[in-house]
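Chain naming here is simple, since letters A, B, ... match the order of the sequence lines and numbering starts at 1 in each.
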Amino acid sequence: MMLYSIDTPPRYVSGPLHIGHATSYSQIDFVARYKRMRGFDVFFPLCVDVNGLPIEVEVEKRYGVNPKEVGRKKFNELCREFAEQNIQRVRDQYNRLSISMDDSIYYRTDSPEYRKITQLTFIDLFERDLVYRDKRPVNWCPRCATSLADAEVEYRLRKSGFNHIIFKMDDSEVIVATTRPELIPACKLLAYHPGDDRYEGLEGKTAVTPIGDRVKIVEDEAVDPDFGSGMVMICTIGDKEDLRWVHKYKLEIDRAIDEEGKMTPLCGKYEGMAVEKARRAIVEDLEEECLIVKKEKIDQNVAVCWRCHTPIEYLVTDQWFLKTMAFKDEVDGIADEMRFYPDFMRTRLKDWTSSLEWDWPISRMRYYATPIPIWYCEDCSSVVVAKREQCYVDPTLDPPPVDKCPRCGGPLKGSDEVFDTWMDSSITPLVNRENGSNYPMSLRPQSHDIIRTWLYYTALRCYLSTGQKPFDSVMISGFILAPDGRPMHASWGNAIDPIEIVEKYGSDCLRYFAANCALGMDTPFRWNDVKRGAKFQRKLRNVVKFVTIAQDKSQNGDRDLRPADRWILTALSKVMEKATSYMDEMDFQHAIREVEDFVWHIFADDYIEMAKYRIYRGDGEDRRETESAVYTLARIGKDVVKMLHPFLPSITEELYYQLDPEGSIISWPEPELRDEKSYDGGEKARSLISGLRALKSSMALPLSSELSSVTIYAGGELADFYDEIKETLHIRDLHFTDAPPPEGAERVGEFSVLLNDR
RNA sequence: GGGCCAGUGGUCUAGUGGUUAUGACGUCGCCUUUACGAGGCGAAGGUCGACGGUUCAAAUCCGUCCUGGCCUACCA
């Protein structure tokens, strides 16, 4: 059997599922169920992610513990316990949403089996020289006391104080505007734009910072003469632009701020102060000395930690890096090899890849994550990597592969660093391969916010491991916003719990909403769609009830299809073809709409009405015609229920059983017949009949009332549907004629009709 | 600043060159049809964001702009 593999997003279990998760997992489930019906063996693992900062931060908050105080081991136990509670809850929620993940394929990212694979891939990269350890500037969160990758940095708009400060020169002074006066102790240079005539001739001269350091003045194109005073102080290191200057002017890096966000001894009397406090203190001092000529507030996008929103610093530290810059073209090529649903999401990945400027720092100074399988020599700092057969290994607990440093014989100490959790998350296709998946996997479903992380890192890591793309297709779901169009927040009171919907309307109605959300788009939650789902289910239930009533009238099954039957069966074939191709394109919205419209407005409104006379008439009439109607009703009932099954699994299973207790819903239906002639006739008959029903309605006649005589000016065109027209509209005498319609004939669709008894 | 997506009746929505622009919700009117009154039938309601262009023909293609969302970058 062909395998269709889905790289289930391992749910991060820091809390319960919200409606956005419920929606996107429903959409994944549509694919899984559809592919099973198409005969694929579907690989759809149940999995959860637990590694990393969010759970650590939650545990710190909830238990009021500090990992440094309680120790690594105890802290990790607390994290594991906390995760455990949430895993159970999330599994229950999956069940209540009818998500058909296979719990015989289960993984969690903190298991030794999973982490072992992370470590093995690292050892491989280490041996191939694709990772390296270096002292260089990285994003640093002072609160979490760890390095961060660019992908873990967010920006927040903030009002910042902008201080115009006097720097004295031998016989004059210059004004420097800065938002970060606390970095003055690390000031290395002043710079102005070459064309700025206010500062002409200052190049090469020296100014004195307010704390007494002498710094050189240079000209630099990158300075914006219109911003601030046009004179910039270059510190080591305030932001990314500083980094470029550090590189350009080969500046020696001073550290004004340490790993915990406190000022270093370099800062003299400010040593030990937190950054913000030091900033206020130095501004006060400078004001006292009358060195501040102007203070203003400006809007500033401040880089913050994605998890705790603390402003990040750029610190020079020893970190492990993965050589990502060398593989930008390869990842770009992989983006082109994968199909994207919707296609424009490919651009997001390519834009991100091409915008990268640094290698990926993969080491973190945290706890609840995969340990880096490395020991360092305490004497010469040599690196000893774990042997493959040792993994999973925790160097803070387990012995190194060799007793002492192979180079100098010094003692070895296990690294207490862990990996960026994306090192774990980015190998899900490799882990799935271990669990029976094919590779490349068929589908990666995920949301658009983690294209720069999960998708990018997976493409990169899997390429480095296999030389191939990780997926054939990528399906990107959007976010679900509150009904008011804003993101849902408990504190705004606009959050909707998916379980609330399930309890009120059932999981199928929530899934009906999910089916109507376009991929890649953010959709406000719509109660209307849920209610519409409930109405549609009611309709479906009643349609099936009618079909089963008809089935009860069946005797020998001996049949002779009328043109009306051939018309609706042909219409069904067309619907099937469309629905199938929509499903293949992951276009759930159109697929369900196609089937829904057919069920409601063609099958129920028209065919069932046309077939009723054959179902309800007495035994003396043509049995074979009645059997044909029963057959057709049952065939269409079963097939539409099947086509709706990926979306509405609960009700369709129940209804299918009523229609076909011996059969099974598990196969996707195939077209039975195509008869274009009957189809065209049927379409004409149905528009005529519904037009005449509307006409009766507009004359305030009950639909069951009898019309004594009706003439239709259509010649033989509708002859095949004579009985349907006569019986459905309760016409005693029906005539077709080629004659031109007289004055007073009603126009019904493309035909003229004369109601003779009016 | 760059990129992507979107802008259609009161609200939401379908619709990538061709008759009177789709449907849902809401509103109003009518109807006990042996599946369904939590239904059926019908009505009102739209300068398809703005302007310009291409075309016999534009909601649809092109250009410019406006508005909103997301991504990305970022001025010390």
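Under the Watson-Crick or G-U wobble criterion, with both distances below 3.5 Å, B:U34 is left unpaired in every strand shown. Here B:G1 sits opposite B:U72 as a Watson-Crick or G-U wobble pair (both hydrogen-bonding atom distances under 3.5 Å).
If you check every strand for non-hydrogen atoms under 4.0 Å, A:E609 touches a base. No engagement by A:N516 is indicated, since no non-hydrogen atom pair under 4.0 Å with the nucleic acid exists. As judged by a 4.0 angstrom heavy-atom cut-off over every strand, A:W352 is placed among residues touching the sugar-phosphate backbone only. Counting any heavy atom pair closer than 4.0 Å across all strands shown, A:A534 reaches no nucleic acid atom. Here A:K539 lies in heavy-atom contact (under 4.0 Å) with a base. Base engagement by A:Y155 is indicated by at least one non-hydrogen atom pair under 4.0 Å involving a base atom.
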Provide a list of protein-nucleic acid N or O atom pairs under 3.5 angstrom, restricted to nucleotides 1-3 of chain B.
residue : atom : partner : partner atom : Å
B:G3    : O2'  : A:D351  : OD2          : 3.2

N/O to N/O distances under 3.5 Å, protein versus nucleotides 9-14 of chain B:
residue : atom : partner : partner atom : Å
B:A14   : O3'  : A:H590  : NE2          : 3.0

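When the C1' atom is used for both B:U27 and B:U11, the distance is 12 Å, rounded to whole Å.
Between the side chain of A:R538 and the base of B:A38, a donor-acceptor pair under 3.5 Å is found.
Judged by a 6.0 Å distance limit and a 45° cone about the ring axis, A:R444 is positioned over the six-membered ring of A:W454.
Mapping A:D449 and A:W600 onto RNA chain B by nearest heavy atom places A:W600 at the nucleotide closer to the 5' end.
Closest contact between the side chain of A:K612 and the listed nucleotides B:C25, B:C5, B:U33 involves B:U33.
For A:Y457 and A:W360, the ring centers sit closer than 6.0 Å to each other.
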